[in-house]
Amino acid sequence: MPIHNNEIADDFDRLADLLEIEGANQFRVRAYRDAARTVRNDTRNMADRIEDGEDLSEIAGIGEDLAEKIKTIVETGELPLLEEVRLRVPDALSDLMRIEGLGPKRVKALYHNLDIETIDDLKDAAENEKIQELEGFGRKTEHIIKERVERFAGAEKRTTLLVAEDIAESLVEYLKQSKGLKDIVIAGSYRRCKETVGDLDILVTAKKDSSVMKRFVDYDEVIEVILHGKTRSTVRLRSGMHVDLRVVPEVSYGSALHYFTGSKAHNIGVRKLGMKKGYKINEYGVFKNDKRIAGKTEKEVYEKVGLCYVPPELREGRGEIEAAKNNALPDLVTLNDIRGDLHCHTTATDGHNSLKKMTEAARERGYEYIAFTDHSKHVTVARGLDKKRLLKQIDAIDRLNDKLDDIVVLKSIELDILEDGSLDLPDSVLKKLDFTVCSVHYKFHLSSKKQTERILRAMDNPCFTIFGHPTGRQINEREPYQVDIEKIIKGAVERGCFLEVNANASRLDLNDDACKLAKDNGLKVAISTDAHSVSDLDFMRFGLNQARRGWMEAKDVINTLPLKKLRKLFQRG
DNA sequence: GCCGTTTTCGGCCCGACTGTTTTCAGTCG
């Protein structure tokens, strides 16, 4: 089993923690953290890169030393320096740093003075009032530590965008009623449309006497006020979500929005460009010799450093700054480009609304076509369609189409890819369909090699059109199955198949990285909702988010095509 | 540990908030 990028990243993160506790040079520590992030976000396995003879030190932020260390981890599964540091600093101390308010210095002090190594040790010491006796700690700090330790167990899950949206929108509506409020926007990873968000960063501009900060900490849903200042406060909501509110002057709105939207990697890149031009860039503006020369809008900030405006979804430090410099940013796909949905279920299997209701809903959304892809027989829990029932559905769609003149209903099915790579209905009936979606619903635990072969074999069938939810992951619920997604992408291009970007908020499968990989390999995708009800059709925006984060343009997405062209694309061979 | 139109050494983002101080260290984003 090859070493996964995540494991390499975990080693570097842990090493960074332990070195930091030891008091190592902070920039060295940062180099390991940056490397962890770079490796974790890389769409290609380090192991594959090495096998292909690539020079890892050409990756930004990875120098000769780190390249060598990555190679060692890939080859031996171990990082000798980490083992060495572990002899001096107990491994568990790095877990302590995950408690809010505990950084390297405090963890070190707790360890040296009170022998605290684990979360349990910490809990005991807090309960026995040992911590407040330490220099630099006091009663209040001890109390806060005690509370946070108790809460620590079981936390850590990030929130899907769907849930985050719900929480954020109510809060924003509430804050909008504050006196003296001008602009309000949610920045951070929420604005970058990351598939999950850890916390919410809300940015406002307001008059001096505005009530917004007080109103924020008084919000009904707030169960803990972590910080409460004039320009910045942090609270924890009942949902567990942390929310930051920052108030900035109007002249700084653009630079603050840029700063708090991130990502960190992107901001550092922009700031570096500014430094080269002799500017200082912070959340209050772009400054030359302490004189503000830009900052009211984000566009101004980008212009000052010689870049065109970068959409938030691209701000991940994956080459967007270089592209912006060369005016080569993609023209990202939008909801307006979408002409139809290619993966929907009805009451014929496990959907909640009828063929007719779903079609009406698609028409209301301005679509030109909608495809019904009810399950096939192998998915028994969903009462999947056998040949006879599929023929009946085809009939029903023909009759429905006869009555409609402003939307076309496409005949399809979500087939099951069986373990041997065959599809679970005969070609004879599949040929009566406009196209197919083929998915894996069983046997998730095959080896990567077997799973990849299974899928490629299925794609060999000329009736195979779109590969549904290609990795099977469900956010916070189920890990993706082991599969070589790059091979699948290349295999799909060779065979004239497509991959789905399943827009269901808890799937988002393909994810952003895989979308980028698809784009880089010239593969087109279908962004589909996998709707099981009328309201699910609105998941389209979540799929778009990920496609946009993967640099996709309208031309990379097949359901932006008018029907005629789409039908042509579906003809294989 | 990385990086380079300030290039092989010397920088590397920095401001807000809190608790424990009595002028600041630690943490966070």
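Lettering follows sequence order; numbering is per chain, from 1. Values in this document were obtained by computation on a predicted structure and should not be read as measured data.
Comparing the P positions of B:dC28 and B:dT20 gives a spacing of 16 Å, expressed to the nearest Å. Between the P atoms of B:dC13 and B:dC2, the separation comes to 16 Å (whole Å). Distance check on atom P: B:dC9 versus B:dC14 gives 25 Å, rounded to whole Å. Separation of the P atoms belonging to B:dT8 and B:dC3 is 16 Å when rounded to the nearest angstrom. Taking atom C1' in both B:dT18 and B:dC12, the straight-line distance is 27 Å, to the nearest Å. The gap from the C1' atom of B:dG26 to that of B:dT21 amounts to 12 Å, rounded to the nearest Å. To the nearest whole angstrom, the two P atoms, one in B:dT6 and one in B:dG11, are 15 Å apart.
At the heavy-atom level, A:Asp34 lies nowhere under 4.0 Å from the strands shown. Residue contacts shown for A:Glu135 are absent, as no nucleic acid heavy atom lies under 4.0 Å away. Across all strands, A:Glu100 comes closer than 4.0 Å only to sugar-phosphate atoms, never to a base (heavy-atom distances). Across all strands, A:Ala60 comes closer than 4.0 Å only to sugar-phosphate atoms, never to a base (heavy-atom distances). Using a 4.0 Å heavy-atom criterion, one finds that A:Arg28 contacts the bases of the nucleic acid, with or without backbone contacts as well. Heavy atoms of A:Ile281 sit nowhere under 4.0 angstrom from any nucleic acid atom. At the heavy-atom level, A:Tyr32 lies under 4.0 Å from the strands shown only through sugar-phosphate atoms. Counting any heavy atom pair closer than 4.0 Å across all strands shown, A:Arg33 reaches no nucleic acid atom.
Residue A:Lys272 contributes atom NZ, which lies 15 Å from atom C1' of B:dT6 at whole-angstrom precision. When the P atom of B:dT27 is taken as reference, atom CD of A:Glu20 falls 8 Å away, rounded to whole Å. The distance between atom CZ of A:Arg30 and atom C1' of B:dG11, rounded to the nearest whole Å, is 11 Å. At whole-Å resolution of the value, CZ in A:Phe12 and C1' in B:dG1 are 11 Å apart. Rounded to a whole Å, the CZ atom of A:Arg246 is 8 Å from the C1' atom of B:dA16. Rounded to an integer number of Å, the gap from A:Leu227 CG to B:dG15 C1' is 13 Å. Between the CZ atom of A:Arg271 and the P atom of B:dG15 there is a distance of 11 Å, rounded to whole Å. Distance A:Asp199 CG to B:dC28 C1': 11 Å, rounded to the nearest Å.
Cation-pi geometry between A:Arg315 and A:Tyr309 is met: the NZ or CZ atom falls under 6.0 Å from the ring centre, inside 45° of the normal.
OP1 or OP2 of B:dT6 has not a single side-chain nitrogen or oxygen of A:Lys277 nearer than 4.0 Å. In this structure, A:Lys69 reaches the B:dG1 phosphate: one of its side-chain N or O atoms is under 4.0 Å from OP1 or OP2. Side-chain nitrogen and oxygen atoms of A:Tyr284 include none within less than 4.0 Å of the OP1 or OP2 phosphate oxygen of B:dC13. For A:Thr141, no side-chain nitrogen or oxygen approaches OP1 or OP2 of B:dT18 to under 4.0 Å.
Counting only heavy atoms from C-beta on, A:Lys105 has its side chain closest to B:dT27 among B:dC13, B:dT27, B:dG15. Here B:dT18 is the nucleotide among B:dG1, B:dT18, B:dG29 with the atom lying nearest to any side-chain atom of A:His228. Considering only the side chain of A:Arg232, B:dC17 comes nearest among B:dC17, B:dC2, B:dC13. Out of B:dC13, B:dG1, B:dG19, the shortest distance to the side chain of A:Ile144 is found at B:dG19. Closest to the A:Thr231 side chain, of the nucleotides B:dG29, B:dG15, B:dA16, is B:dA16. Between B:dC17, B:dG1, B:dG15, one nucleotide has an atom nearer to the side chain of A:Phe27 than all others, and that is B:dG1.
Classification of A:Arg44 and A:Asp52 as a salt-bridged pair holds, one side-chain N sitting under 4.0 Å from a carboxylate O.
With A:Glu300 contributing its side chain and A:Gly295 its backbone, the two residues share a donor-acceptor pair below 3.5 Å. When atom types are taken as modelled, the side chain of A:Arg548 and the backbone of A:Val333 share a donor-acceptor pair closer than 3.5 angstrom. The backbone N or O of A:Arg549 sits nowhere less than 3.5 Å from a side-chain atom of A:Arg192 that would complete a donor-acceptor pair. No donor-acceptor pair closer than 3.5 Å links the side chain of A:Thr196 to the backbone N or O of A:Thr160.
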Could you check A:Lys519 against A:Glu553 for side-chain contact (heavy atoms from CB on, under 4.5 Å), going step by step and ending with a plain yes or no? CA-CA 9 Å; A:Lys519 162 122 191 166; A:Glu553 305 179 80; 2.9 Å; yes

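Mapping A:Lys264 and A:Tyr259 onto DNA chain B by nearest heavy atom places A:Lys264 at the nucleotide closer to the 5' end. Summary of the strand contacts: A:Glu142 and A:Asn282 both lie near DNA chain B, and taking for each the nucleotide with the nearest heavy atom, the more 5' one is attributed to A:Asn282.
Side chains of A:Thr471 and A:Asp509: a donor-acceptor N/O pair is present below 3.5 angstrom, by distance only.
Nucleotide B:dT8 forms a pair with no other nucleotide shown, judged by Watson-Crick or G-U wobble geometry with both contacts under 3.5 Å.
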